[in-house]
K.L.:
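For reference, the structure I am asking about is given below.
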Amino acid sequence: MSIWEYANPRKFMALSGAVLPWVSAAAAIVLVGGLIWGFFFTPDDFRQGSTVKIIYLHVPAAIMATSVWFMMLVTSLIWLIRRHHVSALAAKAAAPVGMVFTLIGLFTGAVWGQPMWGSWWEWDPRLTAFLILFLFYLGYMALWEAVENPDAAADLTSVLCLVGTVFAVISRYAILFWNQGLHQGASLSMDAEENVADVFAYPLWTSIGGFFLLFLALVLYRTRTEIRARRLQALVQRERMA
């Protein structure tokens with residue numbers, strides 16, 4: 001058995017239909033559990049007070065915003081190299097989800113940063129790169145809608161995804177490139193001195209897991225929808241030619 005077998009739309013639909021209810025249930029349980037744990041059962045920070053609890057939305061959303069783009073990069077490369085339609089449709093399906101995660105990251109970052117920095121927005125390198133990533137998401141989605149031929153749209157959006165990956169990398173690792181940025185270091189890292197305290201880290205990891213499962217459920221659902229829409233389009237074209 002090869003993983004490429006699931007590039008076949010029929011096999012993908014069968015597998016995704018079987019696992020989607022379980023993934024959706026797990027996403028709901030883990031995400032709600034992580035957020036309740038973080039917002040109601042963790043103490044206030046000694047410097048930031050209760051505003052620190054926005055970490056349970058901001059950090060998972062920011063991590064997923066860039067991770068979704070990397071997932072789109074992989075599926076776009078698969079399309080360009082192997083021409084598997086399911087991979088192109090999976091990238092298309094993931095883009096709106098990643099865009100919403102990016103928007104959540106920008107909004108919660110502004111709410112979190114305002115008491116700390118005294119302003120809702122600063123042209124910090126990481127924030128600026130994250131904003132550009134959001135614009136790339138919008139451009140990617142608009143390009144899919146603008147090009148009529150689906151294969152040509154998949155080609156062009158795949159190239160755009162390659163270019164946008166630069167900003168996805170910068171938005172995640174900008175804090176390592178520029179020391180003058182206002183944005184704090186990573187909340188979770190291998191360095192124990194930089195890592196948040198365990199009382200915050202455990203519910204944060206749970207929330208991240210919930211966001212990941214939510215993304216997985218949404219991208220499976222949306223990919224299935226894209227496959228059905230492609231099938232419907234093919235049937236309509238066949239009827240017109242008959």
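Computed over heavy atoms, backbone and side chain alike; hydrogens, waters and symmetry mates excluded.
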K.L.:
Using the side chain to side chain donor-acceptor pair (under 3.5 Å) rule, collect all pairs that involve residues 13-35, keeping only residues at least two apart or in two chains.
P.N.:
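Those involving residues 13-35 are S16-R224.
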
K.L.:
Applying side chain to side chain donor-acceptor pair (under 3.5 Å), which residue pairs with at least one partner in residues 206-221 are found, sequence neighbours left out?
P.N.:
none

K.L.:
Go through the steps to decide whether F200 and I55 satisfy the test side chain to side chain contact (heavy atoms under 4.5 Å, CB included), and finish with yes or no.
P.N.:
CA-CA 9 Å; F200 299 113; I55 194 175; 5.7 Å; no

K.L.:
If every non-hydrogen atom of T75 is compared with every non-hydrogen atom of A90, which pair is closest and at what distance?
P.N.:
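What the structure gives for the nearest pair is CG2-CB, 4.4 Å.
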
K.L.:
Considering only residues two or more places apart or on different chains, which pairs with a residue in residues 91-111 satisfy salt bridge (Lys or Arg N to Asp or Glu O under 4.0 Å)?
P.N.:
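Residue pairs passing salt bridge (Lys or Arg N to Asp or Glu O under 4.0 Å), neighbours aside: K92-E226.
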
K.L.:
Please name the pair of heavy atoms, one in V30 and one in G210, separated by the smallest distance, quoted to 0.1 Å.
P.N.:
CG1-N, 3.5 Å

K.L.:
Check whether any side-chain heavy atom of F12 sits under 4.5 Å from a side-chain heavy atom of L220, and report yes or no.
P.N.:
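The answer is yes, as the side chains (C-beta and beyond) meet within the 4.5 Å cut-off.
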
K.L.:
Does anything in residues 78-104 form a ring-ring contact (aromatic ring centres under 6.0 Å, His included)? List the pairs, not counting sequence neighbours.
P.N.:
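Checked against ring-ring contact (aromatic ring centres under 6.0 Å, His included) - neighbours excluded - the pairs reaching residues 78-104 are W4-H84, W79-H85, F101-F211.
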
K.L.:
Decide yes or no for R82 and S87: does some side-chain heavy atom of the first lie under 4.5 Å from some side-chain heavy atom of the second?
P.N.:
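No, side chains not in contact.
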
K.L.:
P96: what forms a side-chain contact (heavy atoms from CB on, under 4.5 Å) with it, not counting sequence neighbours?
P.N.:
M141, R222

K.L.:
Over all heavy atoms of both residues, which pair between F130 and A62 is shortest? Give the atoms and the distance, please.
P.N.:
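Here F130 and A62 meet closest at CZ-CA, 3.9 Å.
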
K.L.:
Could you list the residues that satisfy side-chain contact (heavy atoms from CB on, under 4.5 Å) with V199, not counting sequence neighbours?
P.N.:
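Partners of V199 by the side-chain contact (heavy atoms from CB on, under 4.5 Å) criterion, ordered by chain and then number, come out as P43, A197.
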
K.L.:
Would you kindly confirm whether I81 and L89 end up in one hydrophobic cluster when ILVMFWY residues are joined by side chain heavy atoms under 4.5 Å apart?
P.N.:
no

K.L.:
What residues, two or more places apart in sequence or in another chain, satisfy side-chain contact (heavy atoms from CB on, under 4.5 Å) together with A152?
P.N.:
V147, N149

K.L.:
Which residues pass the side-chain contact (heavy atoms from CB on, under 4.5 Å) test with F40, not counting sequence neighbours?
P.N.:
I36

K.L.:
Give every donor-acceptor pair under 3.5 Å between a side-chain atom in residues 102-110 and any protein atom, sequence neighbours left out.
P.N.:
unit_1	atom_1	unit_2	atom_2	d
T102	OG1	G98	O	2.7
T108	OG1	H58	ND1	3.0
T108	OG1	I104	O	2.7
T108	OG1	G105	O	3.4

K.L.:
Are V163 and L135 grouped together when hydrophobic residues (ILVMFWY) are joined by side-chain heavy atoms under 4.5 angstrom apart?
P.N.:
yes

K.L.:
Look up atom CZ in F70 and atom OG in S76, then write down how far apart they are to the nearest 0.5 Å.
P.N.:
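Nearest 0.5 Å value for the CZ-OG distance: 13.0 Å.
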
K.L.:
Set out, in order, the CA-CA distance, both residues' side-chain angles and the distance that settles side chain to side chain contact (heavy atoms under 4.5 Å, CB included) for R83 and D155, then state yes or no.
P.N.:
CA-CA 10 Å; R83 313 303 285 185; D155 288 336; 2.9 Å; yes

K.L.:
Same cluster or not: are M64 and I29 linked, directly or through other Ile, Leu, Val, Met, Phe, Trp or Tyr residues, by side-chain heavy atoms under 4.5 angstrom apart?
P.N.:
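Shared cluster, no.
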
K.L.:
Give the minimum heavy-atom separation between V86 and N8, together with the two atoms involved.
P.N.:
CG2-C, 4.4 Å

K.L.:
Between L35 and L57, is there a side-chain heavy-atom distance shorter than 4.5 Å?
P.N.:
yes

K.L.:
Is any side-chain heavy atom of L204 less than 4.5 Å from a side-chain heavy atom of P60?
P.N.:
yes

K.L.:
Could I get the full list of side chain to side chain donor-acceptor pair (under 3.5 Å) partners for Y140, not counting sequence neighbours?
P.N.:
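Partners of Y140 by the side chain to side chain donor-acceptor pair (under 3.5 Å) criterion, ordered by chain and then number, come out as W144.
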
K.L.:
Return the CG to CE distance between L162 and M72, rounded to the nearest 0.5 Å.
P.N.:
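L162 CG to M72 CE: 10.5 Å, rounded to 0.5 Å.
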
K.L.:
Looking at every non-hydrogen atom in both residues, tell me the closest pair between V68 and A94 and how far apart they are.
P.N.:
CG1-O, 3.6 Å

K.L.:
Apply side chain to side chain donor-acceptor pair (under 3.5 Å) to T165 and list each qualifying residue two or more places apart in sequence or on a separate chain.
P.N.:
W69

K.L.:
What is the distance from atom CD1 of I63 to atom CD1 of I208, rounded to the nearest 0.5 Å?
P.N.:
3.5 Å

K.L.:
Answer with yes or no whether the hydrophobic clustering places V32 together with Y56; edges join I, L, V, M, F, W, Y residues whose side-chain heavy atoms lie under 4.5 Å apart.
P.N.:
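In one cluster with V32: Y56, yes.
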
K.L.:
Going through the distances and angles, do F134 and L138 end up as a side chain to side chain contact (heavy atoms under 4.5 Å, CB included)?
P.N.:
CA-CA 6 Å; F134 174 72; L138 295 181; 3.6 Å; yes

K.L.:
Which pair of heavy atoms, one from L133 and one from A65, lies closest together, and at what distance?
P.N.:
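Distance-wise, the nearest heavy atoms are CD2-O, 4.2 Å.
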
K.L.:
Among all residues two or more places apart in sequence or in another chain, which pass the salt bridge (charged side-chain N to carboxylate O under 4.0 Å, His left out) test with R230?
P.N.:
none

K.L.:
Would F41 end up clustered with L31 when hydrophobic side chains under 4.5 Å apart are linked, directly or stepwise?
P.N.:
yes

K.L.:
Side chain to side chain contact (heavy atoms under 4.5 Å, CB included) for Y137 and V100? Distances and angles first, verdict last.
P.N.:
CA-CA 9 Å; Y137 269 118; V100 172; over 6 Å; no

